[in-house]
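See below for the structure under consideration.
Atoms within a ligand are numbered from 1 in the order they appear, just like the ligands themselves. All values derive from a computational prediction rather than experimental measurement. Hydrogens, waters and symmetry mates are skipped; everything else that's a heavy atom, side chains included, is used.
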Amino acid sequence: MEKLKESRGCGKLIVRDGWLICPGCHKRVLRVEPNTAAQNLIVYCRNCKRTVTVDIDRGQCFESQSPT
Ligand SMILES: [Zn+2]
């Protein structure tokens with residue numbers, strides 16, 4: 001059952017020291033607690049002006065597939 005999650009987890013984002021790391025510039029962009037959960041959360045990085053849509057599940061972040 002758990003293996004289904006892995007197959008769609010190709011867009012995993014880095015979380016370090018409780019912060020989501022921007023995939024573009026590797027700066028900290030969002031505070032993430034171990035019990036944080038969100039769906040289709042839009043995160044804007046002020047450093048590289050990049051917008052990333054993320055799903056957060058128990059402190060793990062995944063980049064959402066954009067419809068475009
Ligand atoms: Zn960035």
Legend entry - Contact summary for Gln39 and Asp55, nearest pair of heavy atoms: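 It is CA-OD1, 3.5 Å.
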Inset, instruction - Give the minimum heavy-atom separation between Ile21 and His26, together with the two atoms involved. - result: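 So the minimum-distance heavy-atom pair works out to CG2-CA, 3.5 Å.
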Legend entry - Polar protein atoms near the Zn ion (ligand 1) [N, O or S; cut-off under 2.8 Å]: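 Listed by chain and number, the atoms are Cys22 SG, Cys25 SG, Cys45 SG, Cys48 SG.
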Legend entry - Contact check, side chains of Leu20 and Val52, non-hydrogen atoms, under 4.5 Å: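 They are not in side-chain contact.
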Legend entry - Residues clustered with Tyr44, ILVMFWY side-chain links under 4.5 angstrom: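 Direct or chained contacts put Tyr44 with none.
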Legend entry - Members sharing Ile42's hydrophobic cluster (side chains within less than 4.5 Å):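 Its cluster mates, by chain and number: none.
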Quiz: residues 29-36 side-chain donor-acceptor pairs under 3.5 angstrom, not counting sequence neighbours:
from	atom 1	to	atom 2	distance (Å)
Arg31	NH1	Gly18	O	3.0
Thr36	OG1	Glu33	N	2.7
Thr36	OG1	Glu33	O	3.1

